[in-house]
Amino acid sequence: MEHDYKPHEIEQKWQKNWTKSRIFQAEPNERQKFFITIPYPYLNGNLHAGHTRTFTIGDVVARHKRMLGYNVLYPMGFHVTGTPIVGLAELIASRDPQTMDVYEHLHGIPKDILLTLETPENIVDYFKHEAEKAMRMIGYSIDWRRKFTTTDPTYKKFIQWQYIRLAEKNLIVKGSHPLKWCPNDNNPVEDHDILHGEGATIVEYTLIKFRYKDLVFPCATLRPETTYGVTNIWVNPNVDYLKIRVEKNGCEEFWVVSREAFRKLTFTDRKVEYIEDIPAKSLVGIKLTNPITGDIIISLPASFVRPENGSGIVMSVPAHAPFDYLALRDLYDADLHDYGITEDLKEIKLLSLIKVPEFGEFPAKEIVESMGITSQSDKRADEATKIVYRREFHGGILKKITGKYAGCSVSKIKDILTRDLISSDAGELFYELSEPVVCRCGTPCVVNMVKSQWFLNYSDPEWKSKVYKCLSKMRIIPEDYRVEFENKVDWLKDKACARKKGLGTRLPLDKEWLIESLGDSTIYMSYYIIAKFIEKGALSLEQLTLSFFDYILLGKGNNAAVSAETGIESVILEEICSDFTYWYPVDLRSSGKDLVPNHLLFFLFHHVALFGEENWPKALAVNGFVSLEGQKMSKSKGPILTMESAVRDYGADITRMYILSTAEQTQDADWHKTGIESTRKQVDKFYSFAEDVIESGKRGSISSELKQIDRWMLSRIQGYIHKTNIALDSIQTREAIQNSFFLLINDVKWYQRRGGENLLYYVLDNWVRLLTPFIPHICEEIWEAMGHKDPISLVQFPLYNEDLINDGAELCEEIIKDTLDDIEEIIRVTKMIPQKVHLYTAPAWKVSVIKKYICDINLKAYIEAGTFIKTLMVNPELRVFGKEIPKFVQKIDTEFKSGGAERYEIFDGLGLDEQDLLKESASFLETVICCPVEIHSADSPAYDPEKKSRFAEPLRPAIYIEGRNRE
RNA sequence: GCGGGAGUAACCAAGCGGUCAACGGUGAACGACUCAAGAUCGUUUCGCGAAGGCGUUCAUGGGUUCGAAUCCCUUCUCCCGCACCA
């Protein structure tokens, strides 16, 4: 063992050693297996601090389980399908300045190599080597024989099998899908292509088709149920309206909409054609038919109607919509003869259709009146609308007027009603952006209905219910994420699963399309098992037939038939099959929390769809992100810290320990230079401790005679072993490092300070094993220096041994430490230089009061202080102290009632005299405070000039310090 | 808007009904060692205190409780996701 800790030398040595000895190459055996996977990285850049956190968590769990005796498989592959790598190749080919800068300086790619990364293939080739190199440099215990890349022809065979089988189960369907669209670029827009409107979403409206003669007046609404309460419709006299021809599913209709609405409709799944302009004025005052009630209603003018929203025509529900009520009220006294309206609008009856506890019959009217809103241009009308809508949505029940829907809650009716409206041709669906979106090219975006897309049918209720079932049986770490997963399963809708651009596998049902890249990474954990055989050349591309995968993954068919069909030797086939049976299912999939609503969800969906329940995954874990000095990382724009550069600068062990100690579980971690620097010092301390212990040559053991401090150390280390194991089991890496490192190192310091040395070797022996999952290289080095031949990576992890827990020893140390702290506090406060310290143990009467109290409370569970005092006074020996007893009882009463009695019981059980304890420790106290210490009993103090002994209490000696003033 | 989460001492960050003036780590100050520096070790780091104590704290304002950083409600602030993108 070298005198100075040189991380890189040690790390290279052990990495070579591990590779050579193949100790992380996992093969089935008689031991229990543990199959842990982490999502493989997407290779459009080097691995960074975020990967470092997630993958290191995986490695720590893998190493911990391995040391607990499990047969652990921790494999890794590379994800390259999809568009970003293609995009990156284009950017590099065109020498985009920002890209060149970020990839050269932050990803650390040498300029001459960077210039060659002009094709996706070169990029994949380069980064997969870099990624493997980085993961080897940081010491992950990965079985590298199983690596693969998602563009491997063999992998594509696997994915095709997956999609053929999904299609057979009718989980892949063809349909239309609304997309944010730039009409100028004629392309979908993603958030990074947008000038403004990033937050915009696509909102599904229902168009209610009011009719007038042969014309349709569509009104867009989010609340189709309110159609039952429509009293009129609104048109804005200052807006341009058009008559258009609309064709959908072969049916032709003529609609009246605003000019803006016409433009939007051209992008929907309808054929539309301009016929003529219609003067707005001619639309006011006409009588239309409500398509679901058959009521005849009038059209009225309103200024709040905006041509760009919906169709530019609005249906009016004055009982429930404040704007409608206001607009109607504004017209009560207006002269509408111009429009040919002669009716008295006050005659229009408000129609109430929702019952809601907070309001009476006409919520809109009530709120407008109570808020004192004056007109439709009042700014508070928006607020009133929100309030009414929210109340009605959450607590509203439909009234009788809604016919067969009466009694339904408003929050549940929308989908049902919409479906009914569509089937009766009273309504249609219409998608609109929640806020204006402008493309980078300056063009306002629209919603475009893309036709004939391939979808994964995630909204299938049966499929979902299987996922719920799977979730309910799974362990979710941390448990609070379970709700999140359940919500997301609920929220997931059908998802387009094919694309035209990028790298990937062709969709078997339609070779025009490529399988979308989130869909080709859902069950690949099973492929790791096959990959080993492909890597060693036991399987050729042609042999990977559908029946091969059926046989291996689903257990369908039989060996002889598959062997005959594929030409794979029967023995090999059997081996692959039994490997799969042994390793599957996945025992733990651990990932960053960003993958919860996508990858992890799909991982579950595809598993439950294809595999039998016995092969459904067992556990999911999620962890937080990593930021750099408070800044969010970005692969394409920086800042970024690569795994390799962190390891190069600080070493693997230090990087590993730092990234896992700085934040817990789903908390985000912030990478600070000062933080990792201090970790370096900490690891260094551990190294020198180990070195000192080894060099001293002393190997005391726990079977030799133990002193108080030894028993204390023994007990403490057991506590940390216990907590570390528990923490690692629930992937609380910070908690695990706190216990196995920081708290333990502090105790070791105290142990040595108190003169402990007998157990130093024992401590090291446990400690080094405890830390191996986190900092494996340095631990191997120390383990070897301790004289062991076998790698520590395969040695038994320390297990909790309750027999070594010694509450008494811990209590005694606590008394000493507290006494020392008290003495030091007095010295500090009085600013004196101590000449002599006198300690007084408690008088016998206080001890007997406490004993009596404990005895009584054990009998009765509750003690009333006054009664207790009376029973004490009966005893003549105690009666002598009658004056002091009430005060003392009061004190212990409050203390004990909040659970403070335990310490006394423990001490009592020791059969130890406090005098002896203090006398034993006196010499220690003397060295720390640099003056003599004398122990007295408060019962008969030889020296007590200031009567301090009266403060003595059991487990808390009184203190009197003689000192001189500081000059 | 919807859904999830967070606000703790100089900073990072645990705690999530009594053991809490609140783990641990940074940073800072002082002391020990040293010719000195670094490393290391010790002490302190909310306020007051020449006796181990007292007082005021865990975003905010209320409430529940014998007892709240911890439970419930109000308000404020911040972060994340909302999709066809990995």
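If you're wondering where the values come from, they're calculated on a predicted model, not measured in any experiment.
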Integer-rounded Å distance: [N] [atom2] and [X] [atom1]:
| X | N | atom1 | atom2 | value |
| --- | --- | --- | --- | --- |
| A:Y658 | B:G25 | OH | C1' | 10 Å |
| A:M832 | B:A51 | CE | P | 9 Å |
| A:M633 | B:C80 | CE | C1' | 16 Å |
| A:I929 | B:A51 | CD1 | C1' | 14 Å |
| A:L811 | B:U19 | CG | P | 17 Å |
| A:W491 | B:A83 | CH2 | P | 7 Å |
| A:F127 | B:A86 | CZ | P | 17 Å |

Nucleotide N/O of nucleotides 11-13 of chain B paired with protein N/O under 3.5 Å:
from	atom 1	to	atom 2	distance (Å)
B:A13	O2'	A:R734	NH1	2.9
B:A13	O2'	A:R734	NH2	3.3

Taking [Y]'s backbone N and O only, do any of them form a donor-acceptor pair with [X]'s side chain (distance below 3.5 Å, no angle check)?
| X | Y | result |
| --- | --- | --- |
| A:E914 | A:L955 | yes |
| A:H79 | A:D520 | no |
| A:S678 | A:G675 | yes |
| A:T522 | A:L518 | no |
| A:D944 | A:K948 | yes |

Sugar-phosphate only, base, or nothing, as touched by A:P41 at under 4.0 Å among non-hydrogen atoms: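 Since no nucleic acid heavy atom lies under 4.0 Å of A:P41, the category is nothing.
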Base, sugar-phosphate alone, or nothing: which one does A:T679 contact when heavy atoms must sit under 4.0 Å apart?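 Result for A:T679 = nothing.
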Any A:T674 side-chain nitrogen or oxygen under 4.0 Å from OP1 or OP2 of B:U26: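 Answer is no, no contact under 4.0 Å.
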Tell me, please, which residues at least two apart from [X] pass salt bridge (Lys or Arg N to Asp or Glu O under 4.0 Å).
| X | value |
| --- | --- |
| A:E432 | A:K264 |
| A:R53 | none |
| A:R956 | A:D822 |

Pairing string, 5' to 3', for RNA chain B - Watson-Crick or wobble contacts under 3.5 Å, brackets [ ] where pairs cross, | to another strand: ((((((((.[[[..)..(.....]]]((((((.......))))))(((....)))...[.[[[..)....]]].])))))))....
Can you tell me how the ring of A:Y840 sits relative to the ring of A:H838, calling it parallel under 30°, perpendicular over 60° and tilted otherwise?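 It falls in the parallel class, under 30°.
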With sequence neighbours excluded, tell me which residues meet side-chain hydrogen bond (donor to acceptor under 3.5 Å, both in side chains) with A:K593.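 A:K593 satisfies side-chain hydrogen bond (donor to acceptor under 3.5 Å, both in side chains) with A:D668 once adjacent residues are dropped.
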In chain order, what residues pass the side-chain hydrogen bond (donor to acceptor under 3.5 Å, both in side chains) check against A:R734, with sequence neighbours excluded?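 Result, side-chain hydrogen bond (donor to acceptor under 3.5 Å, both in side chains) vs A:R734: none returned.
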Those residues that, when tested against A:F455, pass ring-ring contact (aromatic ring centres under 6.0 Å, His included) (two or more places apart):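 A:F455: ring-ring contact (aromatic ring centres under 6.0 Å, His included) contacts with A:H177.
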Using ring-ring contact (aromatic ring centres under 6.0 Å, His included) as the criterion, list what pairs up with A:Y720, not counting sequence neighbours. none
Tell me which of A:K817 and A:K501 sits closer to the 5' end of RNA chain B, going by the nucleotide each one is nearest to. A:K817
Does A:A498 or A:I959 map to a spot on RNA chain B nearer the 5' end, using the closest nucleotide for each? A:I959
Residues in side-chain contact (heavy atoms from CB on, under 4.5 Å) contact with A:K817, at least two apart in sequence or another chain: A:W750, A:D821
Scan nucleotides 36-41 of chain B nucleotide by nucleotide, 5' to 3', and note B when protein non-hydrogen atoms come under 4.0 Å of the base, S if they reach only the sugar-phosphate, - if neither. ---SSS
Among the candidates B:G24, B:G52, B:G81, find the nucleotide nearest to the side-chain atoms of A:N746. B:G24
Of the residues in residues 480-490 of chain A, which ones touch RNA chain B at a heavy-atom distance under 4.0 Å?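 Nucleic-acid contacts, sorted: A:E484, A:N487.
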